[in-house]
Amino acid sequence: LGIAVMSHLRLTGSTHFRQRLVCATLSGKTITIRDIRVDDERPGLRDYEASFLRLIEKLTNGSTIQINETGTMIKYIPGFITGGSIQHDCGTSRSIGYFLEGIICLAPFGKSPLSATFTGITNDDQDMSVDAIRTTTLPLLRRFGVGVEDDLQLKVVRRGAPPKGGGQILFKCPIVRQLTPLQLEDTGRVRRIRGIAYSTRVSPQTSNRVVDSCKGLLSQFTGDVYISTDHYKGAESGLSSGFGLTLVAETTTGCALSSENMASGGVLPEDLGVHAAELLLEEILRGGCVDTNNQSLALLFMVLCPEDISRMRLGLLSEYTIQYIRHLRDFFGTTFKITPDPESSTVIFTCLGTGFKNVSKRVY
């Protein structure tokens with residue numbers, strides 16, 4: 001289904017800021033965003049949004065960003081994705097996951113492989129943690145033909161809990177000429193559950209209490225549950241105390257579904273472990289071959305695939321994903337064939353790839 005796509009899009013509001021910048025960069029379309037929090041007590045861009053713009057500027061060459069005096073309007077003219085070696089301080093308003101989610105969409109299409117060092121908060125209860133990205137997002141990239149085990153990696157150098165952060169991660173991503181079309185319809189059955197309980201500047205016993213309570217619930221459903229503990233101390237523990245848990249359910253067909261929970265407001269380790277387990281069971285109940293956090297990335301890469309059919313089964317769609325589908329239509333002119341499956345309460349998305357090629361990649 002072809003839809004006419006304009007070369008300059010005019011958008012309003014502050015929502016889905018990263019989506020718009022990522023889609024504009026990949027499609028080469030100029031965007032103007034107006035009325036950014038005009039009715040707010042503090043109108044205009046937030047510090048983390050300005051930081052994301054600076055990160056896009058580091059990652060690209062030839063991009064032009066124009067912001068008015070009040071920060072309520074920006075114009076973005078995208079350039080070429082260069083990649084290479086970059087360093088970025090993410091601040092403490094949002095975690096590293098906020099920035100990493102956007103960069104992962106762009107990194108495979110650069111001129112050079114990306115080696116990025118991010119500093120800030122590694123785990124919080126607002127954005128995807130670096131652990132969830134490492135265990136679910138990176139395997140999804142490999143299914144689309146991006147890298148293998150060694151050259152696509154994410155390493156946690158230091159943990160950083162809110163509010164002060166102090167964490168550091170190293171992200172490496174290779175470049176590709178084209179993605180590989182993907183047909184992923186069989187969810188399979190959960191064959192094992194893995195997890196990591198981390199703690200910084202608290203008693204090492206805290207992680208063990210989280211693990212015991214979590215395994216107590218999950219062991220009722222499967223015997224193959226293994227959760228490792230990761231206690232950081234000294235220079236590696238960041239600037240604030242905290243603890244949390246990231247869980248991943250792996251299915252017989254290689255799908256990975258994740259959940260996570262970070263301590264806040266004096267929560268007990270036992271309650272945190274049970275709540276994280278309940279979130280994982282809820283994610284499994286939703287169905288689909290990718291978890292809620294990775295729905296939008298999967299749909300974007302399906303659109304960017306060669307001119308071939310890609311098909312994927314998804315569970316209950318998040319509001320973020322629904323808006324992403326609208327943006328994919330506006331920026332790339334691609335619509336999906338959506339087929340509900342009443343038996344499993346899932347939806348099968350089918351689309352024809354746009355034939356997107358990495359024009360920056362050198363061909364020898």
Side-chain angles (χ1 to χ4, degrees), residues 92-98 101 120-137 156 158-167 169 190-233 236-251 256-288 291-294 315-316 318-320:
T92 55
S93 298
R94 298 293 285 263
S95 75
I96 293 172
Y98 173 85
E101 274 185 90
I121 296 171
T122 56
N123 306 77
D124 72 355
D125 54 2
Q126 193 175 6
D127 302 296
M128 268 186 90
S129 73
V130 293
D131 299 290
I133 292 173
R134 179 173 55 82
T135 52
T136 59
T137 307
V156 180
R158 294 195 306 267
R159 290 275 174 190
K164 295 181 180 179
I169 67 116
V190 175
R191 66 187 179 95
R192 66 178 188 176
I193 295 174
R194 295 292 181 263
I196 177 168
Y198 50 85
S199 58
T200 61
R201 296 185 177 271
V202 295
S203 168
Q205 194 61 30
T206 305
S207 298
N208 296 329
R209 291 166 63 186
V210 172
V211 171
D212 290 342
S213 62
C214 180
K215 288 183 72 173
L217 177 57
L218 293 178
S219 297
Q220 300 175 32
F221 301 94
T222 176
D224 195 351
V225 180
Y226 181 76
I227 304 171
S228 60
T229 57
D230 203 359
H231 178 67
Y232 287 77
K233 56 186 178 180
E236 295 181 345
S237 62
L239 302 174
S240 297
S241 59
F243 59 94
L245 175 63
T246 301
L247 296 171
V248 181
E250 299 175 15
T251 71
L257 310 173
S258 72
S259 74
E260 53 191 354
N261 198 11
M262 179 77 187
S264 60
V267 66
L268 291 172
E270 288 79 8
D271 294 339
L272 183 139
V274 170
H275 186 52
E278 289 172 345
L279 290 174
L280 182 66
L281 295 174
E282 192 176 320
E283 193 66 54
I284 295 170
L285 180 64
R286 288 194 183 107
D291 57 15
T292 307
N293 289 327
N294 290 301
L316 183 67
S318 65
E319 290 183 18
Y320 186 85

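Below, each value reflects all heavy atoms present in this structure, side chains not excepted, and no hydrogens, waters or symmetry copies. The shown structure was predicted, so the numbers you read here are calculated from the model rather than taken from an experiment.
- Ser93 OG to Ile121 CD1: the interatomic distance, rounded to the nearest 0.5 Å, is 8.0 Å.
- Here the closest heavy-atom approach between residue Asp230 and residue Arg159 is recorded as OD2-NH2, 3.7 Å.
- Relative to the six-membered ring of Tyr232, Arg201 misses at least one condition, a distance below 6.0 Å or an angle of at most 45° to the axis.
- In this structure, Asp291 contributes its side chain and Asn294 its backbone to a donor-acceptor pair below 3.5 Å.
- Of the possible polar contacts, none joining the Gln126 side chain to the Ser95 backbone as a donor-acceptor pair under 3.5 Å is found.
- Interatomic distance, Leu218 CG to Leu280 CG, rounded to the nearest 0.5 Å: 6.0 Å.
- Within the 4.5 Å cutoff, side-chain heavy atoms of Cys214 are placed close to those of Leu247.
- Side-chain atoms of Ser213 come within 3.5 Å of backbone atoms of Val210 as a donor-acceptor pair (strictly under, hydrogens ignored).
- Ser241 contributes atom OG, which lies 9.5 Å from atom NZ of Lys164 (distance to the nearest 0.5 angstrom).
- Formation of a donor-acceptor pair under 3.5 Å by the Ser199 side chain with backbone atoms of Val202 is not found in this model.
- When all heavy atoms are compared, the tightest approach of Asp125 to Ser264 is OD2-OG, 3.8 Å.
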Tell me, with the steps shown, if Ile227 and Arg194 meet side chain to side chain contact (heavy atoms under 4.5 Å, CB included). CA-CA 6 Å; Ile227 304 171; Arg194 295 292 181 263; over 6 Å; no
Check step by step if side chain to side chain contact (heavy atoms under 4.5 Å, CB included) holds for Ile193 and Thr222. CA-CA 8 Å; Ile193 295 174; Thr222 176; 3.8 Å; yes
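- Closest of all the heavy-atom pairs between Ile169 and Val156 is CG2-CA, 4.2 Å.
- Contact record, Phe243 with Met262: O-SD, 3.6 Å, taken as the closest heavy-atom pair.
- Atoms CG and CZ, on Asp212 and Arg209 in that order, are 10.0 Å from each other to the nearest 0.5 Å.
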Go through the steps for Ser240 and Thr200 under the test side chain to side chain contact (heavy atoms under 4.5 Å, CB included), then give the verdict. CA-CA 7 Å; Ser240 297; Thr200 61; over 6 Å; no
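- In this structure Glu250 satisfies the side-chain hydrogen bond (donor to acceptor under 3.5 Å, both in side chains) test together with Arg192, sequence neighbours excluded.
- Remark: side-chain polar atoms of Ser129 are not paired, donor with acceptor, to backbone N or O of Asn123 under 3.5 angstrom.
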Can you check salt bridge (charged side-chain N to carboxylate O under 4.0 Å, His left out) on Arg94 and Asp124, steps first, answer last? CA-CA 8 Å; Arg94 298 293 285 263; Asp124 72 355; 5.8 Å; no
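- The line from OG1 of Thr292 to CD of Glu283 is 3.5 Å long, rounded to the nearest 0.5 Å.
- Taking all atoms of both residues into account, the shortest heavy-atom contact from Glu260 to Ala132 is OE1-CB, 3.6 Å.
- Between the side chain of Thr206 and the backbone N or O of Ser203 there is at least one donor-acceptor pair closer than 3.5 Å.
- Shortest non-hydrogen contact noted between Met128 and Thr137 is CE-OG1, 3.5 Å.
- To the nearest 0.5 Å, atom CG of residue Leu239 and atom CZ of residue Arg158 are 8.0 Å apart.
- Formation of a donor-acceptor pair under 3.5 Å by the Thr246 side chain with backbone atoms of Asp131 is not found in this model.
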